Engineer: 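Sharing a structure below in structure tokens format, with a few things to ask.
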Amino acid sequence: MKRETKRTGVFTRRALIVMGGQVTVLGVLGAKLYQVQIAEGARYATMADENRISARLIAPPRGRILDRFGQVVAGNRLNWRALLIAEQTDDVNGTLDALSRIVPLPDHERARIDREVKRHRRFIPVMVREFLTWDDMARIEVNAPDLPGIMVDVGTTRIYPYSDRLAHVVGYVAPPNDNDVTEDPMLSLPGIRVGRAGVEKYHDLDLRGRAGAVQLEVNAVGRVIRELDRQEGTQGKDIGLSIDADLQQAVLNRLGDESASAVVLDCRNGEVLAMASNPSFDPSLFNSGVSQAQWVEWTSNRRAPLINKSTAGVYAPGSTFKMAVALAGLESRSITPFDRINCPGYLDLGDTRFHCWSRYGHGSLDLRGGLKNSCDVFFYEVARRTGIDRIAAMSHRLGLGTELDIDIPGARTGLIPTREWRIGKGHYWNIGDTIVSGIGQGYIQVTPLQLATYCARLATGRVVQPHLTRTIGGVLQPGSNPEDWPQLGLPERMLHSVREGMWAVVNEQGGTAPLARLADPHVQLAGKTGSAQVRRVSRELRESGKFDSSKLPWEFRPHALFVAFAPYDAPRYALSVVVEHGNAGAGAAAPIARDIMADVLTRDPANRAEPPGAKVADRGIRGG
Amino acid sequence: MSDRRLIRETSFDLTGKLFRVSWLYVLLLCALAGVGYAALYSAAGGSPEPYATRHVMRFSFGLVLMLGIALVDIRFIARLAWPAYAASLALLVLVARMGHVGKGAQRWIELGGIQLQPSEMMKVALVLALASWFHRASWERMGNPLFLIPPIIAVLAPVGLILKEPNLGTAVITAMVGAVMFFGAGVRWWKFVLVAAPVPFAAKIGYGYLHDYQKARIDTFLNPESDPLGAGYNIIQSKIALGSGGMWGKGYLQGTQGHLNFLPEKQTDFIFTMIGEEFGLVGGLAVMGLLALIVLGGMLIALRCRNQFGRLVALGISFNFFMYVFVNIAMVMGAIPVGGVPLPLVSHGGSAMITVMIGFGLLMSAYVHRDVEFEDRRDAV
């Protein structure tokens with residue numbers, strides 16, 4: 001019994017110790033509760049408010065893109081769409097099956113929806129189908145009880161009234177990728193689009209606007225309980241382009257089926273009035289993602305419909321380059337307008353013979369004659385006397401092979417070779433390279449936009465930069481006045497002798513481009529043809545006399561080029577036409593250039609006053 | 001005490017036993033369950049469905065079960081101690097092999113439509129087994145280290161299995177309950193020190209074997225704000241809810257955090273947070289007071305028992321309850337890592353309620369039979 005008593009005693013003592021420990025622990029917990037609820041209570045209470053008030057962004061409508069007369073070339077249209085909120089249905093697949101009995105859901109769409117449902121939290125709506133018709137919507141609403149989790153709402157979608165006619169200029173929008181989203185949280189909203197090409201990309205930030213915010217009371221899974229406050233965002237700004245959309249249509253129509261580019265500039269201020277690249281594509285296809293088949297078709301097409309040939313296509317300028325060579329020669333005084341050079345049909349340099357395009361030669365020519373006949377030997381000799389570096393410097397001044405301030409992303413620079421460039425590549429510069437550069441062949445590469453700019457600078461003597469943006473949010477941007485642009489710094493007489501040569505090419509008996517002559521004798525066009533070889537022609541073949549480039553397979557035929565400005569006596573418009581594999585500039589490009597220029601002069605978009613009233617009337621007359 | 005009295009008291013009838021039940025203690029339990037009803041009513045957004053009604057039904061069932069067990073002779077229970085332990089251990093092994101995977105852990109087992117959590121049953125069975133073991137131990141045998149080896153194994157085997165499930169919280173609670181049983185039985189202080197000293201080192205090594213989600217719990221416990229939307233979310237949200245309650249709370253059914261679903265698992269593990277948000281510090285302390293009364297009441301029962309088995313059972317059961325309370329409340333206040341431990345009789349959940357009420361039944365049985373004399377070393381083997 002004594003042992004029992006001892007055991008009891010120990011237990012009692014230790015039980016009391018345990019009880020003491022328990023009371024202490026509970027006391028500490030009580031103190032901790034005091035600390036959390038009272039001492040730090042204010043801090044946590046603030047956090048509680050943040051917790052249930054959540055700011056949501058509302059996407060403003062994207063700014064429109066307008067042509068110079070205010071016609072919408074990229075706008076917004078209401079877009080009825082079906083969204084799926086995964087947390088509101090027990091069976092996502094069942095719901096989608098039921099929905100696909102109402103509106104068809106192709107397999108690749110189902111796969112995309114599955115992916116997005118898995119990626120997002122379950123309360124975030126996932127786009128199931130866009131562009132619902134009224135009938136589809138009615139049928140979805142009627143069947144709503146069988147479609148748990150499906151919600152119909154309205155967003156906006158981008159529309160391009162001119163579709164493929166302006167695709168390369170306006171560009172297109174596409175769903176943002178992950179990189180975009182980190183940069184602007186607004187882009188995580190469903191259905192939002194970012195500019196991916198053209199003006200849509202260049203002015204993306206202005207067009208996008210700033211997101212509005214709405215303060216919502218939400219629960220922890222993000223479901224909205226009620227709206228507390230709303231702040232409207234700023235709408236995206238409208239961008240006014242210098243493009244004349246109707247002229248653009250006409251230009252593209254004139255290009256027909258050719259794989260070609262045509263650029264029309266207001267040569268006094270560099271405004272781009274038309275920039276056509278053929279063939280083109282439908283920009284709205286990018287809106288909801290391009291199908292694999294469509295993409296393969298575009299990228300495998302050798303006429304490259306996705307590439308804006310006007311800014312991203314590079315071609316040897318051929319004989320259109322001769323004005324630059326001439327000016328380089330004139331400025332460096334290696335020739336004068338009156339120096340005569342004899343053309344026997346070839347130029348021998350060491351043991352290499354460079355041929356003129358005319359086998360029999362042009363005889364003795366001055367500068368005007370050299371341009372008029374597009375004599376190769378004449379410009380071989382000018383180039384030889386002037387040297388490549390001076391030619392390159394002059395070309396850059398005139399806008400060739402140099403970066404232009406065009407507001408379209410992805411424009412290429414082209415190339416005018418220099419000694420330094422060649423040596424940098426680990427080669428020597430051969431005098432022969434200078435000779436072929438004299439006729440715009442060899443390493444020289446330029447874009448059609450550069451050619452048009454070059455022509456505009458020749459015509460006006462001002463360093464105009466081609467540009468598309470006239471207004472942002474209705475505010476006129478600098479650059480629409482000729483005085484905004486500096487002088488080229490070349491004496492007027494030098495420019496004049498070159499322009500005179502260009503006039504002779506078209507308007508004088510024996511010029512190389514009689515087809516470019518305008519029907520109205522009071523308005524004269526000055527221009528220059530060019531052909532750019534895409535494959536070297538061997539001497540034997542050329543001398544055999546059997547060579548006929550028009551019999552070559554399409555992709556080996558030379559490109560046909562033409563640059564022009566008009567009217568000759570008071571230059572207003574400059575243009576370049578490049579017909580890929582069109583064979584000869586005089587035959588393929590010159591007539592197109594003539595018709596386009598005639599059309600431009602008739603429309604005279606640069607001179608049209610555009611007060612609001614007159615604008616409407618104009619549109620009526622033109623049937624727009 | 002006289003022999004006459006002993007005989008009378010060992011042979012009392014059913015009515016006599018009912019009179020010996022501590023109805024005050026039963027009332028405390030009912031009050032706690034009532035707090036649970038009110039909190040679950042609020043957790044459901046002011047509705048008895050889906051939690052509160054079922055809570056009351058479970059508690060009623062548990063209460064009947066508890067009183068039934070309370071009337072069972074403690075000496076009979078003592079005989080069932082080791083069979084119950086063996087059965088629980090077998091279930092633990094079973095759950096390790098084919099358990100239902102819930103929340104990333106194998107903890108549940110289905111037996112005839114009832115979901116069981118063998119680790120919960122194990123704790124009760126372990127209390128019984130250890131009480132039985134130490135009951136028959138004379139004071140002299142307690143001093144023999146070899147005598148302590150079987151009960152140590154009896155503790156470590158289930159602890160290891162529960163760790164493997166993996167359920168860190170329950171494993172720690174089980175080990176603590178076992179340790180307190182050893183303590184109450186009179187194992188010397190220095191022996192505890194000897195066992196406890198290597199624990200920090202073992203913990204460091206053991207950390208490497210933990211599951212990622214357990215490591216994450218420990219890591220986010222150390223710095224919950226490091227991952228506010230991930231693993232630390234529960235703790236931060238719970239503290240926000242508690243803190244926004246202030247002194248008097250936002251009022252019943254007025255808690256914004258809970259009702260807006262910021263509070264995770266508000267009807268189970270985080271029910272105390274809801275109470276703290278709606279009733280403030282005052283309400284939280286009141287509930288803690290009630291819990292303390294139940295814990296200390298259990299300890300008083302242990303002190304009142306005149307047989308070692310009853311004492312140790314009452315000690316083990318009330319300490320187990322205390323550990324539940326401590327882990328749960330410390331967890332929702334962010335004082336210890338989140339452990340998935342409910343607040344007994346308040347949280348929503350069937351299996352835990354039943355095992356807790358079985359435990360209280362044993363506790364009450366110890367109280368009802370507080371004066372019975374064991375025929376030493378025959379009954380308690």
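Here the structure is a predicted model, which means the values were calculated and not measured. Note: hydrogens, waters and symmetry copies are ignored here, and every other heavy atom, side chains too, is used. The chains referred to below are lettered A, B, ... by the order of the sequence lines, with proteins before strands, and numbering in each begins at 1.
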Engineer: Roughly how far, to the nearest 0.5 Å, is the CZ atom of B:F134 from the CZ atom of A:F11?
Structural biologist: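 Taking CZ in A:F11 and CZ in B:F134, the distance rounds to 12.0 Å.
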Engineer: Atom CE of B:M333 and atom CD of A:Q35: how far apart are they, to the nearest 0.5 Å?
Structural biologist: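 The CE atom of B:M333 sits 9.0 Å away from the CD atom of A:Q35.
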Engineer: Select one option (side chain, backbone, both, neither) describing which atoms of B:F272 are under 4.5 Å from chain A's heavy atoms.
Structural biologist: side chain
Engineer: Of the backbone (N, CA, C, O) and the side chain (C-beta and beyond), which part of B:F322 lies under 4.5 Å from a heavy atom of chain A, both, or neither?
Structural biologist: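 Just the side chain, heavy atoms under 4.5 Å.
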Engineer: Under a 4.5 Å heavy-atom cutoff, which of B:A292, B:A302, B:G298, B:G246 has the most pairs with chain A?
Structural biologist: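 The residue among B:A292, B:A302, B:G298, B:G246 with the greatest pair count is B:G246.
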Engineer: With a 3.5 Å cut-off and no angle check, do the side chains of B:R311 and A:T12 form a donor-acceptor pair?
Structural biologist: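 Per modelled atom types, B:R311 and A:T12 side chains form no pair under 3.5 Å.
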Engineer: Judged by atom type as modelled, is there a donor-acceptor pair below 3.5 Å linking the side chain of A:R14 to the main-chain atoms of B:V187?
Structural biologist: yes
Engineer: If you measure from CG on B:L285 to OH on A:Y34, what distance do you get to the nearest 0.5 Å?
Structural biologist: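 These two atoms lie 11.0 Å from each other.
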Engineer: List the atom of B:G276, the atom of A:Q37, and the distance in Å for their closest heavy-atom pair.
Structural biologist: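 What the structure gives for the nearest pair is O-NE2, 2.9 Å.
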Engineer: Enter the distance from A:R13:CZ to B:L303:CG here, rounded to the nearest 0.5 Å.
Structural biologist: 13.0 Å
Engineer: Can you tell me which of B:L296, B:V295, B:L281 forms the most heavy-atom pairs within a distance under 4.5 Å of chain A?
Structural biologist: B:L281
Engineer: Considering only heavy atoms, which portion of B:W189 lies under 4.5 Å from any heavy atom of chain A: side chain, backbone, both, or neither?
Structural biologist: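 Contact with chain A: backbone and side chain both.
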Engineer: When rounded to the nearest 0.5 angstrom, what distance separates CE in B:M247 from CD1 in A:I38?
Structural biologist: 4.0 Å
Engineer: Could you list the donor-acceptor pairs under 3.5 angstrom formed by side chains in residues 16-30 of chain A, with sequence neighbours left out?
Structural biologist:
{"residue": "A:T24", "atom": "OG1", "partner": "A:G20", "partner atom": "O", "Å": "2.7"}

Engineer: Quick one: NZ on A:K32 to CG on B:L242, what's the gap to the nearest 0.5 Å?
Structural biologist: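 Answer rounded to 0.5 Å: 10.0 Å.
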Engineer: Under 6.0 Å from the CE atom of A:M137, do we count more than 12 heavy atoms belonging to anything else shown?
Structural biologist: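 Yes - once you tally the heavy atoms of other residues, nucleotides and ligands closer than 6.0 Å, there are more than 12.
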Engineer: Counting heavy-atom pairs closer than 4.5 Å to chain A, which one of B:A330, B:G284, B:G280 comes out on top?
Structural biologist: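 Counting heavy-atom pairs under 4.5 Å, the top option is B:G280.
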